[in-house]
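Report on the structure given below.
The residues of the chain are indexed from 1 along the displayed sequence.
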Amino acid sequence: MEASQLNWIISFIWGIADDVLRDLYVRGKYRDVILPMTVLRRLDSLLEPTKQAVLEMKASLDATGIVQQDAVLRQTAGQAFYNTSPFTLRDLRARANQQQLRADFEAYLDGFSPNVQEILENFEFRNQIPRLSKADALGTLIEKLLTPEINLSPNPVLNEDGSMKQPGLDNHAMGTIFEELVRRFNEENNEEAGEHWTPRDAVKLMAKLIFLPIADAIESGTYLLYDGACGTGGMLTVAEETLQELAQKQGKQVATHLYGQEINAETYAIAKADLLLKGEGEAADNIVGGPEYSTLANDAFPSHEFDFMLSNPPYGKSWKSDLERMGGKEGIKDPRFVIEHAGDPEYSLLTRSSDGQMLFLTNMVSKMKHRAKLGSRIAEVHNGSSLFTGDAGQGESNIRRWIIERDWLEAIVALPLNMFYNTGIATYIWVLSNRKPEHRRGRVQLIDATQWYRPLRKNMGKKNCEFSEEDIARICDTFLAFEETEHSKIFPNAAFGYWKVTVERPLRLKGIDTERAYSPKEIKTLKATHERDENAPPVIRKIHKKGAAADPMRGLFEATIGGRRCVVEYEPDTDLRDTEQVPLMEEGGIEAFLKREVLPHAADAWYDAAGVKTGYEVSFTRYFYKPQPLRTLAEIRADILALERETEGLLMEIVGGESA
């Protein structure tokens with residue numbers, strides 16, 4: 001079907017909302033009625049040809065006492081859904097009495113299969129029926145959706161002479177109409193726009209980043225796609241289309257199975273309905289959601305592994321309630337978030353409870369295929385905090401360390417500001433793979449795409465720019481080329497890592513005994529009664545037995561006690577304690593760094609070797625910052641002279657005014 005015809009149908013349905021619901025609902029609530037009614041009309045049109053056969057099969061199954069009827073009724077209907085009520089929407093429009101219409105319409109809804117019931121329940125559509133019925137709007141809605149002016153059926157509408165009046169709508173065209181309606185309703189609700197809707201230009205880029213590197217290696221077969229925060233399902237369907245197109249170009253036949261999880265009930269209903277409308281009934285069954293299905297606390301696919309995964313998780317959203325349901329930080333044993341790494345059998349990936357976005361990434365990493373030829377590929381959108389928040393040893397840093405040290409991070413792409421509907425902050429696409437090609441192994445690519453976009457003629461929420469096809473191609477070409485350019489930097493994995501080192505200096509107190517060691521209790525008393533002085537002797541807390549080797553860098557110092565040489569440890573002064581970040585690639589390691597940067601200024605310093613922690617962070621600013629050139633003295637002088645001329649006489653005017 002041509003785009004103009006699709007736009008006509010979309011505009012017509014959009015107009016129904018204004019015609020029928022204007023005085024019943026505020027504009028932001030139109031979708032609560034129009035979206036489920038559009039779904040019902042499409043499903044009804046698909047079920048009309050087999051309606052009688054389904055009713056007869058239902059009666060037969062009931063008569064023989066068969067309880068498990070779902071599979072048989074689906075087969076009879078020829079669809080992934082069915083309706084066992086005696087009504088179709090065409091039957092209902094003849095009702096003159098509103099009470100009878102309401103009763104029959106509710107019976108009609110009750111006749112749908114469980115998967116459609118779930119959609120209606122999450123739309124909370126039954127809650128709208130009393131209001132629609134009371135206002136005598138239910139019958140009008142049904143009439144308008146059945147009007148011959150539009151055709152939501154897969155079968156064409158013919159003129160009396162047999163010529164085609166209106167073409168039929170295939171599943172893809174119907175899916176396009178539904179998605180466009182969702183987009184328009186999201187735009188109407190600017191305060192929500194984009195919370196569950198990622199712009200198509202960004203989704204296309206993400207899909208190409210995960211598929212293009214392995215396009216030549218795609219074989220005929222079955223591939224599983226997953227989104228752990230699937231929203232309305234757009235990422236999955238765009239990814240599916242991209243994979244199918246690339247496979248066809250390679251002469252391959254691929255089957256795709258879509259899996260997704262979404263906590264928002266209405267958004268989940270939209271995703272499930274969209275797939276049903278597109279004829280992907282099995283995929284619709286693999287979309288799981290609703291308020292009880294938080295991806296973090298209630299993983300719907302704990303034993304699954306997927307070939308391709310992409311997601312846009314919520315940023316800055318608290319996951320405290322999930323944390324409590326999972327047993328608190330001390331009680332969590334979920335293997336997605338507590339793993340074995342770097343010799344630690346309980347390596348924690350748990351982030352701050354105020355922001356759980358990186359946990360969605362670890363959830364997807366836990367579902368990678370490690371035995372498949374192509375492994376798994378991931379693209380996920382994050383804001384800037386995922387690059388650097390979390391100190392060494394904390395959850396966010398541990399996640400970055402785990403991913404980078406396992407050599408799974410291929411690239412991070414910095415996107416333009418104001419790319420998304422609900423935020424103007426900086427966003428980044430993380431691209432991961434557990435089958436890096438040889439030339440990428442041990443290295444990470446950073447791409448600055450912040451200036452590659454075209455402005456929108458009209459803002460959509462906070463979104464004021466988009467990727468053109470040329471912009472997407474430019475980013476993908478830069479990614480595939482894997483070369484150092486002004487916009488592409490390549491680093492060894494270790495370049496993002498550092499040691500967090502605690503630097504200590506001795507506690508120095510006047511009037512202490514330098515020939516003995518003090519107990520912790522005595523040291524506490526000394527701190528309260530003796531004066532600190534940088535020239536005073538250090539307080540000894542331990543004298544080692546004979547044979548111990550001195551190592552001043554690690555706090556083991558030579559001293560003379562009772563005329564004999566020995567090794568002692570000093571009590572650290574917490575007021576002088578400091579930390580240093582030492583790059584993992586520091587030549588000579590921690591000690592070389594301290595000798596160069598610390599000891600020249602504090603000769604008595606040492607570091608706590610047991611307390612060293614490893615952290616990872618990524619700084620785009622450091623790698624892509626372009627300092628503005630300083631102005632010349634001539635330019636500065638010209639500005640000063642211009643200001644002097646501009647204000648000439650002002651002082652005299654003020655002084656003259658005062659003297660007057």
Side-chain angles (χ1 to χ4, degrees), residues 1-14 16 34-51 53-54 74-83 88-90 112-113 115-116 119 144-159 162-184 200 203-204 207 225 232-249 253-258 269-287:
M1 181 175 284
E2 294 181 1
S4 60
Q5 291 175 301
L6 287 179
N7 288 332
W8 157 250
I9 294 174
I10 292 164
S11 297
F12 187 90
I13 296 174
W14 185 260
I16 292 175
I34 295 300
L35 292 181
M37 283 298 295
T38 303
V39 172
L40 289 174
R41 174 64 189 112
R42 173 63 174 185
L43 300 186
D44 188 75
S45 68
L46 292 171
L47 294 175
E48 279 183 334
T50 58
K51 181 69 176 182
V54 169
R74 286 191 185 200
Q75 185 177 7
T76 306
Q79 303 290 343
F81 48 89
Y82 51 86
N83 188 307
T88 66
L89 284 179
R90 293 189 187 279
F112 274 106
S113 51
N115 52 357
V116 179
I119 291 172
K144 285 188 174 291
L145 285 169
L146 290 171
T147 179
E149 293 184 58
I150 61 168
N151 179 26
L152 298 185
S153 164
N155 303 313
V157 176
L158 304 178
N159 293 309
S163 60
M164 188 170 67
K165 181 179 180 180
Q166 292 178 340
L169 268 181
D170 61 22
N171 288 329
H172 179 77
M174 186 64 224
T176 301
I177 289 171
F178 190 70
E179 288 179 2
E180 181 63 16
L181 285 172
V182 172
R183 187 188 67 78
R184 288 196 185 187
R200 279 305 167 91
V203 179
K204 287 180 181 178
L225 282 66
T232 53
M235 278 196 180
L236 288 171
T237 53
V238 170
E240 180 183 42
E241 292 167 3
T242 305
L243 177 57
Q244 293 283 1
E245 289 173 6
L246 291 173
Q248 288 177 7
K249 288 180 181 178
Q253 296 290 324
V254 300
T256 53
H257 296 294
L258 309 183
I270 291 172
K272 203 172 183 77
D274 187 35
L275 291 172
L276 275 183
L277 297 182
K278 290 177 179 174
E280 301 190 44
E282 184 179 346
D285 290 340
N286 291 332
I287 303 296

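Going from atom CD1 of I177 over to atom CH2 of W14 covers 14.5 Å, rounded to the nearest 0.5 Å. Between atom CE of residue M174 and atom OG1 of residue T38 there is a gap of 6.0 Å, rounded to the nearest 0.5 Å. The distance from atom CG of L181 to atom CD1 of I13, rounded to the nearest 0.5 Å, is 5.0 Å. The distance from atom OG1 of T147 to atom CG of L152, rounded to the nearest 0.5 Å, is 10.5 Å. Taking CG of L43 as the start and CD of Q79 as the end, the distance is 8.5 Å to the nearest 0.5 Å. Here CG of L243 is found 10.0 Å from CD of Q248. Values are rounded to the nearest 0.5 Å.
Sorted by first and then second residue, the pairs that involve residues 238-247 and meet side-chain hydrogen bond (donor to acceptor under 3.5 Å, both in side chains), not counting sequence neighbours, are E240-T256.
Between K272 and I287 the shortest heavy-atom distance is NZ-O, 3.3 Å. Between S45 and P154, the shortest heavy-atom distance links the atoms OG-CD, 3.9 Å. V54 and N83 get closest at one heavy-atom pair: CG1-O, 3.7 Å. Across all non-hydrogen atoms, the minimal contact from R74 to D285 is NH1-OD2, 3.0 Å. Annotation for L47 and A77: closest pair CD2-CB, 4.0 Å, computed over non-hydrogen atoms. The two atoms that bring I270 and T232 nearest to each other are CG2-CG2, 3.7 Å, heavy atoms only.
For K51, there are no salt bridge (charged side-chain N to carboxylate O under 4.0 Å, His left out) partners at least two apart in sequence or on another chain. In this structure F81 satisfies the ring pair (Phe, Tyr, Trp, His ring centres under 6.0 Å) test with no other residue, sequence neighbours excluded.
N115 contributes no side-chain N or O that, together with a main-chain N or O of A284, makes up a donor-acceptor pair within less than 3.5 Å. In this structure, the side chain of N151 engages the main chain of P167 through a donor-acceptor pair within 3.5 Å. The closest donor-acceptor contact from the side chain of S11 to the backbone of W8 lies at 3.5 Å or more, if one exists at all.
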Tell me, with the steps shown, if L35 and F178 meet side chain to side chain contact (heavy atoms under 4.5 Å, CB included).
CA-CA 8 Å; L35 292 181; F178 190 70; 3.9 Å; yes
Does the side chain to side chain contact (heavy atoms under 4.5 Å, CB included) test come out yes or no for E280 and L236, once each step is laid out?
CA-CA 12 Å; E280 301 190 44; L236 288 171; over 6 Å; no
Derivation and outcome, side chain to side chain contact (heavy atoms under 4.5 Å, CB included), residues L46 and L277:
CA-CA 9 Å; L46 292 171; L277 297 182; 5.9 Å; no
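When side chains are defined from C-beta on, L145 counts as touching I16, because their heavy atoms get closer than 4.5 Å.
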